[in-house]
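Before any comments, here is the structure.
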Amino acid sequence: MKTPKRSWAEPYKIKMVELVHMTSREEREKALVKAGYNTFLLHSKDVYIDLLTDSGTSAMSDRQWAGMMTGDEAYAGSENFYHLEAAIRKYYGYKHVVPTHQGRGAENIISKIMIKPGDIIPGNMYFTTTRLHQELAGGTFADIIIDEAHDSLSEHPFKGNADIGKLDKLVKEHGAKKIAYVSLATSVNMAGGQPVSMQNLRELRAYTLKHKIKIIHDMTRVAENAYFIKVREKGYQNKSVQEIVKEICSLTDGATMSAKKDALVNIGGFLALNDKRLYDEASNLVVVYEGLHTYGGLAGRDMEAMAIGISESVQDDHIRARIGQVEYLGHQLLAMGVPIVIPIGGHGIFIDAKRFLPHLKQTQFPAQTLAAELYLDSGVRTMERGIVSAGRNKETGEHYFPELELVRLTIPRRVYTQAHMDVVAESVNEVFLRRKKIKGLKMTFEPQYLRFFQAKFMPL
Ligand SMILES: *Cc1c(COP(=O)(O)O)cnc(C)c1O
């Protein structure tokens, strides 16, 4: 007998709603031209279902909102800072904490402290702001993610893994002294939200200890990574996400966090360090760029919401439903034959624009084009993660040509329903059915830094 189906459902109910504006196709056409075919430049009121990013777009809980009312807005020594510090020590295990306004604030500080000009920073795939801060500090990023990560069809269960052979080659070539640290992301964003295994982390820890190299953990999506370890890695089925998160952190020396993702807040981040000497430097530098070391650019209420968000983010029920919703959308698209990155990642669905629009050259910006088409079709906002996001090589001035040319449908946490996911899938299918008629774009304006945010385009 077949086991009867048992559905997951959200471990919360809705207490307040936000009305969204519905648009006509004509309105969307106008809005898209005004935005230079860049979904980042659309007004949010013109968007129906916003899958641009999962960053800062989560719905906070009633407990978090209540916590906001207890904000201690003292300039120095706010009570909420100590709550945040306690939550980070309890759930992540790092010793010292410097709050920052968001993730890149922490990246700026750690890069300035740990990178000397000429250093190499190996990492499991680049992230836009992370690499930029490494470069601005005079370093060079080196990709050491396993080859499978660059293949949208590989079903490797841990495509976020670091290739220790690639790291060893860098160490042999440049010497361990030239390696500033290993920049290790959990649930690798640019690879499609793909996790790192505990086994890989342990091997990386052993290797880096031997060579006296630190690991700085980009822990933006650590809870999602922990969930994948729980369901995919031998020996973890009976451990809680909370326990796995702490074990991951224990294998690293410090972390940068964009709390706008996993930690369920609209703004905030931090830098966490175990080394007291590095912490002292960081708490001095944060004063220059963010604010005093007990607020780092945040209001007391923001730190309180973050402390509560951290505790909610590591609950098994929460993560199961969060990833369950992403998988629900992914399975619908797979059933329609839409080419997406597999296995389905933690925070969104990544459409493979090279396979969706094979008739376009990468210099015609297939992913940017597809994001624009999806918006036109239904008002669903997605974003490009391909050649535009990759930017240019700082020495040659040439485009980087990434293997992966993706459109990211990022799912905000606790915001949309299953019916919204159905509407998204149907819209992708509509565009998929007329894909052969779609023409590419040309870039008409290119900013110097992180061009994907503000570049403008025109149809070819
Ligand atoms: C969002 C993000 C960052 C940067 O954080 P911000 O809060 O946007 O400054 C860094 N790393 C990863 C993996 C991210 O997803």
Side-chain angles (χ1 to χ4, degrees), residues 40 51-58 84 98-112 121 123-137 141 143 145 149 159-160 162 181-196 215-226 228 248-249 252 254-272 286 289-291 296-298 302-303 305-306 309-310 313 322 326 345-348 350 383-385 389-391 402 404 406 408-413 449-450 452-454:
F40 272 102
L51 308 185
L52 184 74
T53 171
D54 62 332
S55 178
T57 52
S58 298
L84 174 64
V98 175
T100 58
H101 75 287
Q102 58 184 81
R104 70 198 70 182
E107 291 170 347
N108 174 36
I109 292 168
I110 198 70
S111 302
K112 283 213 158 65
I121 307 95
N124 54 344
M125 203 170 266
Y126 85 98
F127 183 74
T128 52
T129 57
T130 320
R131 183 178 68 192
L132 180 61
H133 281 296
Q134 292 164 351
E135 289 176 351
L136 290 173
F141 173 83
D143 192 3
I145 202 164
K159 280 164 100 169
Y181 53 87
V182 172
S183 180
L184 194 277
T186 38
S187 205
V188 182
N189 192 347
M190 300 302 276
Q194 302 293 329
V196 179
I215 301 176
I216 299 298
H217 176 199
D218 182 339
M219 65 178 304
T220 296
R221 294 183 183 79
V222 67
E224 290 168 9
N225 197 115
F228 284 123
I248 293 173
C249 296
T252 67
T256 55
M257 173 62 138
S258 170
K260 304 170 70 173
K261 324 286 173 57
D262 258 9
L264 298 164
V265 287
N266 303 123
I267 194 73
F270 60 79
L271 172 62
V286 76
Y289 293 102
E290 306 276 319
L298 295 169
D302 296 327
M303 293 189 282
M306 203 195 308
I310 287 170
S313 75
R322 190 282 185 281
V326 175
H347 63 301
F350 293 70
M383 75 173 278
E384 196 258 14
R385 274 302 183 216
S389 294
L404 297 178
L406 308 175
R408 190 178 80 174
L409 284 64
T410 346
I411 317 298
R413 296 164 185 80
Y449 300 111
L450 304 175
F452 61 95
F453 282 128
Q454 290 150 335

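Remember, predicted model here, so these are calculated numbers, not experimental data. Counting convention: from 1, in listed order, for ligands and their atoms alike.
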Test: Arg385 cationic atom under 6.0 Å from Phe452 six-membered ring centre, within 45° of axis: yes
Ligand-residue contact atoms, ligand 1 with [X], heavy atoms, under 4.0 Å:
{"X": "Lys260", "answer": "7 (O)"}
{"X": "Arg104", "answer": "5 (O), 6 (P), 8 (O), 9 (O)"}
{"X": "Thr220", "answer": "11 (N), 12 (C), 14 (C), 15 (O)"}

Which residue holds the protein heavy atom closest to [atom], what is that atom called, and what is the gap in Å?
{"atom": "atom 2 (C) of ligand 1", "answer": "Lys261 NZ, 2.5 Å"}
{"atom": "atom 11 (N) of ligand 1", "answer": "Asp218 OD2, 2.6 Å"}
{"atom": "atom 3 (C) of ligand 1", "answer": "Phe127 CE2, 3.4 Å"}
{"atom": "atom 10 (C) of ligand 1", "answer": "Glu107 OE2, 3.0 Å"}
{"atom": "atom 4 (C) of ligand 1", "answer": "Thr129 OG1, 3.5 Å"}
{"atom": "atom 6 (P) of ligand 1", "answer": "Gln102 NE2, 3.3 Å"}
{"atom": "atom 7 (O) of ligand 1", "answer": "Ser258 OG, 2.6 Å"}

Closest non-hydrogen atom pair between Val265 and Ala259, with its separation: CG2-O, 3.2 Å
Test of proximity, Gly103 against ligand 1: N or O pairs below 3.5 Å: yes
Distance-only N or O hit between ligand 1 and Arg221, under 3.5 Å: yes
Side-chain heavy atoms of Tyr181 within contact of Gln134, under 4.5 Å: yes
Step-by-step side chain to side chain donor-acceptor pair (under 3.5 Å) determination, Glu384 to Ser389: CA-CA 7 Å; Glu384 196 258 14; Ser389 294; 2.9 Å; yes
Other residues, nucleotides, ligands: >12 heavy atoms within 6.0 Å of Tyr449 OH: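 Check fails, neighbour count at 12 or below.
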Carboxylate-amine/guanidinium proximity below 4.0 Å for Lys260 and Asp54: no
Pairing of Glu107 and Lys112 as salt bridge, 4.0 angstrom limit: no
Pair His347-Ser187, side-chain donor/acceptor within less than 3.5 Å: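 The criterion, which ignores hydrogens and geometry beyond distance, is not satisfied for Ser187 and His347.
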